[in-house]
Amino acid sequence: MSDRLQPGLHLDADALNAFAEGALPAHERSQALAHLAECAYCREIVFLTQQTAPLAAPAPAPVWSRWLNSVPMLGIGIGAAALAGAALIFITLRLHPNTAPSLATRAPETMPPTAPAAPAAPAKPQPLVSQHPAPRGVAKPLPKLEPPLLAAAPPTPPRPMVAGRSFMGMGMGMSTGTAGGIDRGATVGGPITGRSMAMSSSQGDAAPQAVFGGSGQPLAAAPRPAAVTLGSGSPAPSAAPAPPPTAASVTTADALAALPAAAQTVTVQSTPALDAEPVHLANGLTMDAAAHKRASQAPLTSPAELPSKLPAAASVSSAARTLAADTAGALFLSVDAGRHWQPVAAAWPGKVAQLRLAPAPSVFQLLTTTGAVWLSPDGLHWQPQ
Amino acid sequence: MLPGMQPDAQKTAPARATDCLPPRLLDELCLLAQTGSVGLGHADFEAALLAIGAKHNFGLAPGGEPSPSRKESFLRALQLADLALAQACALGRETAWLQFLARFRRPLTQAAIAITRSSSLGPELADSLYAELFGLSERDGLRRSPLASYSGRGSLLGWLRTSLAQRNVDHHRRTHRESPLEDDAPFAAPESTPAPPPEQLAALSRSVAATLAALPADDRFLLSAYFLDQRTLQQIAPLLGVHEATVSRKLKRLTTHLRERLLTCLRAKGMSNRAAEETLGADPRDLSLHLRDLLQTSAAPAFSNHKEEDKKAG
């Protein structure tokens, strides 16, 4: 350093920098310390240089470490809290393995283009109904839907809070207002799985439709609804012939996981007497408002209420009859909308893998783990296909 | 005298070693330093290395005789690439200056802004240093660049930051002569404590001076930085190369030790225990008062005074 900048007996910039960087040998370091102890000028330069060093070479990590070091035991506390949270999530997922991810985690831009643009409405958590038969509704089976799509789960009673598989559900709080595009429909919170589901109703569309997926967004890649109920009334003249069953309940994440990326459409007919305005679900699903209302008021049944005490892996409903298969592959039938269950004797080899509604004259169809397909008109008596 | 300490009027010519480096070692060092990329010849680099080694006695204490292996280890420990760049810049190599600006212009401006805490004064400070580094100033008819004094023991960026800090402190001292850098308000002893007699205060002053003089350098630096400069443990710890908690423990032990040593000294001067306690004062903050008195002033006068004295002497 130029002596012009530092007159007198002071450490020059080279020695000060080497001292600050710990590059001085022991004897020089001791001499520098002795001088610094007496020289406020050099001390000021050293400290000034030191405090500008992080700015010249930004390093974000030391900020955290300094912050953690400034509060004793804070790092340990944060680590313990993270472990406790992870343990809670793990236990919850083990207890409820078939819960579906939250719709709330879906970003508004993932809305399919078929959803009508409407001002966003605040989310209002309400009991979510998974399914219930709509006496006047007729559901048309999807021609392109894969079997898992219609594999329905039995209704689930409200649970206080279930940790989700999505990051929003992992103890980070729940949000129900991310769906967007809601004009007057309800945003329904989902106590079944501890998640939420946003629904909206469109205006001016006389033919209610349920649209799965979307042209621009692969449904399999997006968060899927925990439960979707398609209530329907009698077939409308403009709709395609809709054989029984009259109601379809779609649930389980596994079923939706098998959705193809392409858009698929389910047309749900409703009677003109009912609300003709469709309700657009946040995931691109639209249902008529009356069915939505009925579904919202329907009682819930938990898969844990199956006689086997195991959670339901799949379920399907037709009118008041509901079939549910637990995670062990056993089949159960309820004729009172899930309030009481009776086991169904397994005439098929293997275990029940999937359940779905079958075209007439059969009502129910199951797929076993061996690949066999069995049909039943009432859920109790089964015949191989 | 510390190698890095030079009086203003005393201009020592760079030490020239009579010997030269082994060719293989020089080639290797030049390769590591990438002297070719900055337009620095082997001979120039060798001269710089030997001058630096001779100035610092290759890292040995004065009087020690460095062995060839010691020389090699010292030279290998240098920041060779930075050193080559600095030497090439000092010699006016254009390619080196292009590299220098590309590498250090932005960090230097950021550091200057951080030092001055002003987005307008910072670039001004950095620009003034650039002019100085470029060698616009002449002495004895020769352009002198401060980069020639860079030894490569620390990083070049750290050296530049230190130079910026020096210039900023110098500027502050020039422009703030009327306002003291430090608050000289003394620590007041508790009002309830009666002031000791003058002879006891004189004995206390001598005891404090003797006790502080006996302290190791790092302890005195710690006391000065913590009590006089009001630096935090976080700021002091990196300079001492220890953790903040270690500095805290060391500081506590040091103040306790100082108090005991002072009491011992006062008792050795014929005071009773009670008189020694009263003289020292029950409040340990009294130690700060005495430390400030002893360590307040630097051995060297302020910059502005030096400038004036130098002008008068010149």
Side-chain angles (χ1 to χ4, degrees), chain A residues 1-59 62-63 65-73, chain B residues 1-8 11 56 59-61 107 110-111 114-115 132 137 144 146 149-151 153-155 157-159 161-170 181-182 217-218 220-221 223-225 228-229 231 234-235 238-239 241 244 295-296 298-303 306-307 310:
Chain A
M1 192 63 200
S2 169
D3 297 319
R4 194 164 58 84
L5 291 179
Q6 48 160 2
L9 291 172
H10 293 283
L11 296 173
D12 61 11
D14 190 66
L16 287 173
N17 177 46
F19 169 79
E21 295 188 356
L24 286 180
H27 69 281
E28 275 194 61
R29 179 175 176 79
S30 176
Q31 289 175 325
L33 275 172
H35 175 77
L36 287 170
E38 299 175 350
C39 181
Y41 171 80
C42 290
R43 280 203 309 272
E44 189 175 1
I45 293 171
V46 167
F47 284 117
L48 197 57
T49 304
Q50 181 199 32
Q51 75 185 34
T52 59
L55 292 175
V63 177
S65 61
R66 276 189 228 139
W67 183 68
L68 290 176
N69 290 336
S70 62
V71 183
M73 306 296 288
Chain B
M1 181 184 296
L2 197 62
M5 298 173 64
Q6 293 181 352
D8 183 48
K11 294 305 300 174
H56 301 288
L60 293 179
Q110 289 177 341
I115 286 173
E132 187 85 17
S137 62
R144 289 177 52 85
S149 66
Y150 171 66
S151 70
R153 293 188 297 176
S155 66
L157 182 58
W159 183 87
R161 283 199 302 262
T162 307
S163 301
L164 281 175
Q166 275 185 329
R167 296 181 68 87
N168 186 61
V169 172
D170 289 345
L181 286 176
E182 301 173 5
D218 54 344
R220 281 188 286 139
F221 169 75
L223 291 174
S224 301
L228 300 186
D229 299 343
R231 300 293 177 182
Q234 180 185 339
Q235 291 174 315
L239 294 177
E244 298 172 31
L295 300 177
Q296 170 83 31
S298 167
F303 170 80
H306 259 274
K307 284 289 286 185
D310 294 339

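Proteins come first, then strands; the chains are lettered A, B, ... in the order of their sequence lines, and each starts at number 1.
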Subject >> Contact summary for B/G158 and A/T49, nearest pair of heavy atoms >> reply: O-CG2, 4.2 Å
Original post:
Between A/L11 and B/Q166, what is the shortest heavy-atom contact and its length?
Top reply: O-NE2, 3.6 Å
Original post:
Within the side chain of B/D229, is there an N or O that forms a donor-acceptor pair under 3.5 Å with the backbone of A/A40?
Top reply: no
Original post:
How many angstroms lie between atom CG of B/L60 and atom CD of A/E28, to the nearest 0.5 angstrom?
Top reply: 10.5 Å
Original post:
Do A/D12 and B/W159 have side chains that get closer than 4.5 Å, going by heavy atoms?
Top reply: no
Original post:
In terms of heavy-atom pairs under 4.5 Å with chain B, which of A/A34, A/A26, A/G22 leads?
Top reply: A/A34
**OP:** If the plane angle is over 60° it's perpendicular, under 30° parallel, otherwise tilted; pick one for A/F47 and B/F221.
**Re:** parallel
Original post:
Quick one: does B/R153's side chain get under 4.5 Å of A/L24's, heavy atoms only?
Top reply: yes
Original post:
Taking C-beta and beyond as the side chain, do B/H56 and A/D14 meet within less than 4.5 Å on heavy atoms?
Top reply: yes
Subject >> Minimal non-hydrogen separation, B/D170 against A/Y41, with atom names >> reply: OD1-OH, 2.7 Å
Subject >> Spatial distance of atom CD (A/E44) from atom CZ (B/R231) [nearest 0.5 Å] >> reply: 6.5 Å
Subject >> Positive for side chain to side chain contact (heavy atoms under 4.5 Å, CB included) with A/I45, one of B/T162, B/L164, B/N168 >> reply: B/T162
Subject >> Distance, nearest 0.5 Å, that separates CD of B/Q235 from CZ of A/R43 >> reply: 12.5 Å
Original post:
What's the shortest heavy-atom distance between B/A217 and A/A37, and which atoms?
Top reply: O-CB, 4.2 Å
